[in-house]
J.: 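Supplied in structure tokens, the structure appears directly below.
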Amino acid sequence: MSDALQPNAAFKKRVFSGIQPSGGLTLGNYLGAIKRFVQMQEEDYETIYCMVDLHAITVWQDPAALRRQTRELAAGFIASGIDPAKSILFNQSQVAEHAQLGWIFNCVARMGWMQRMTQWKDKAGKNSQNASLGLFAYPSLMAADILTYHATHVPVGEDQKQHLELTRDIAIKFNNDYGVEFFPVTEPVIEGAGTRVMSLRDGSKKMSKSDPSDASRINMTDDADTLAKKIRKAKTDPDALPSEIDGLEGRPEARNLVNIYAGLADMSVDAVLRDVGGKAFSEFKPLLADLAVAKLAPISGEMARLMQNEAEIDALLHTGAEAARAIAAPILEKTYEIIGMVR
Ligand code: TYM
């Protein structure tokens with residue numbers, strides 16, 4: 001990559017990230033993404049956060065559920081500390097530029113690149129002939145989400161890393177094909193203890209809203225009793241917790257619970273182990289449950305309060321979409337010009 005193509009040289013420091021409204025918010029979304037979104041809002045960035053409803057329909061969504069989940073996700077963002085006065089917050093389908101640039105990127109990205117995406121392989125599974133074309137093209141739309149704002153930084157959990165590499169490849173190929181330095185080469189921001197929160201039932205699987213077992217995940221809307229019960233039942237091993245990080249080697253469930261503790265407490269894993277090393281899980285789990293309730297109950301309470309006024313959420317999303325469009329439209333227009341469309 002030439003120096004000229006390095007991110008940020010000629011671009012404003014701008015953050016974009018998105019979450020699918022394809023189910024309820026999980027602790028994985030919170031620790032892996034939203035917590036960092038809130039921090040970046042307070043740092044030296046312009047921040048744009050999106051409920052990616054067009055991505056959600058790459059697999060079947062019941063329309064009424066999708067509407068509810070989109071509003072609930074908006075409530076989750078706000079309850080977690082995203083301030084619509086500081087960040088642009090909106091849902092993707094209200095800003096047509098995403099889909100428009102997505103089409104152009106479908107013509108830049110190569111079939112081979114898409115076929116290598118592990119998330120496509122996982123989600124399409126053995127029945128890929130029956131998966132939607134949208135699911136295959138998903139990462140190209142994701143690149144458009146980011147690049148239609150010339151975003152330079154994208155905070156995500158570990159599972160999105162490959163998609164962000166593809167976003168860089170698309171930007172580089174577009175710039176090379178057309179002999180321009182138009183799209184920035186985005187920086188993934190994958191930081192902290194919460195970038196890979198695992199299932200409570202199986203430490204080798206990601207915590208996910210699509211896991212059929214509700215006991216595998218902590219939902220942001222779980223009440224205190226449910227939360228405590230899920231943590232109490234979380235899979236562990238028979239040994240006590242180690243005092244040093246090396247002692248978590250080969251113990252995925254123990255590592256996961258310690259990571260969750262560190263993420264919730266804003267501590268490093270080392271610091272957590274200094275405090276809890278030597279404790280049995282029967283002692284550690286109640287500490288974790290108390291911490292989780294203390295951190296998450298105010299968020300779920302606020303989400304429930306916000307959900308009582310859907311009109312207010314919808315109005316906020318409209319305002320956010322207008323602000324988003326004001327940035328995206330000129331960038332799309334310039335893109336059309338670069339590629340030779342008569343305007
Ligand atoms: P999604 O909706 O699956 O997840 C939203 C964010 O939460 C993170 N995340 C996790 N982090 C840690 N541990 C977990 N168990 C966990 N589960 C989810 C994800 O990494 C993500 O940051 N393709 C994206 C949505 C998207 C997007 C974008 C993201 C569409 N366009 C543009 C960034 C920029 C997705 O499906 O995320």
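For ligands, and for the atoms within them, numbers begin at 1 and follow the listed sequence.
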J.: Can you sort out which atoms of ligand 1 are near A33, meaning under 4.0 Å from one of its heavy atoms?
T.: 6 (C), 7 (O), 22 (O)

J.: Give the atoms of ligand 1, by number and element, whose distance to some non-hydrogen atom of Q20 is under 4.0 Å.
T.: 2 (O), 35 (C), 36 (O)

J.: I'd like to check which ligand 1 atoms, numbered from 1 as shown, lie under 4.0 Å from a non-hydrogen atom of G32.
T.: 11 (N), 12 (C)

J.: Kindly write out the residues that satisfy side chain to side chain donor-acceptor pair (under 3.5 Å) with Q115, not counting sequence neighbours, or none if the list is empty.
T.: none

J.: If you measure from atom 4 (O) of ligand 1 to every heavy atom of I19, T26, T186, N29, which option wins on shortest distance?
T.: N29

J.: Write down the atom of Y149, the atom of I331, and the distance for their closest heavy-atom approach.
T.: C-CD1, 3.7 Å

J.: Could I get the full list of side chain to side chain donor-acceptor pair (under 3.5 Å) partners for E312, not counting sequence neighbours?
T.: N309

J.: State plainly whether the residues D314 and R71 are in salt-bridge range, i.e. N to O under 4.0 Å.
T.: yes

J.: Is the shortest side-chain N to carboxylate O distance from E337 to R343 below 4.0 Å?
T.: no

J.: Under a 4.0 Å threshold between the charged nitrogen and the carboxylate oxygen, would D266 count as salt-bridged to K35?
T.: yes

J.: For atom 26 (C) of ligand 1, state which one of G18, S22, P155, A143 supplies the nearest heavy atom.
T.: G18

J.: What atoms of ligand 1 come within less than 4.0 Å of a heavy atom belonging to V154?
T.: 33 (C), 34 (C)

J.: Any N or O of V197 that comes nearer than 3.5 Å to an N or O of ligand 1?
T.: yes

J.: With S199, which of S216, S213, S204 fulfils side chain to side chain contact (heavy atoms under 4.5 Å, CB included)?
T.: S216

J.: If we only count N/O pairs under 3.5 Å, is H163 in contact with ligand 1?
T.: no

J.: Looking only at distances, can you tell me whether any N or O atom of Q160, backbone or side chain, sits closer than 3.5 Å to an N or O atom of ligand 1?
T.: yes

J.: Does an N or O from G157, backbone or side chain, lie closer than 3.5 Å to an N or O of ligand 1?
T.: yes

J.: Counting each atom of ligand 1 from 1 as listed, which ones have a heavy atom of I146 under 4.0 Å away?
T.: 32 (C), 34 (C)

J.: Under 4.0 Å from a heavy atom of T195: give me the atoms of ligand 1 that qualify, with their elements.
T.: 11 (N), 12 (C), 13 (N)

J.: So, does K209 sit close enough to ligand 1 that a heavy atom of it is under 4.0 Å from the ligand?
T.: yes

J.: Is E158 atom CD crowded by more than 12 heavy atoms from other residues, nucleotides or ligands, each under 6.0 Å away?
T.: yes

J.: Mind checking whether E158 has an N or O less than 3.5 Å away from an N or O of ligand 1?
T.: no

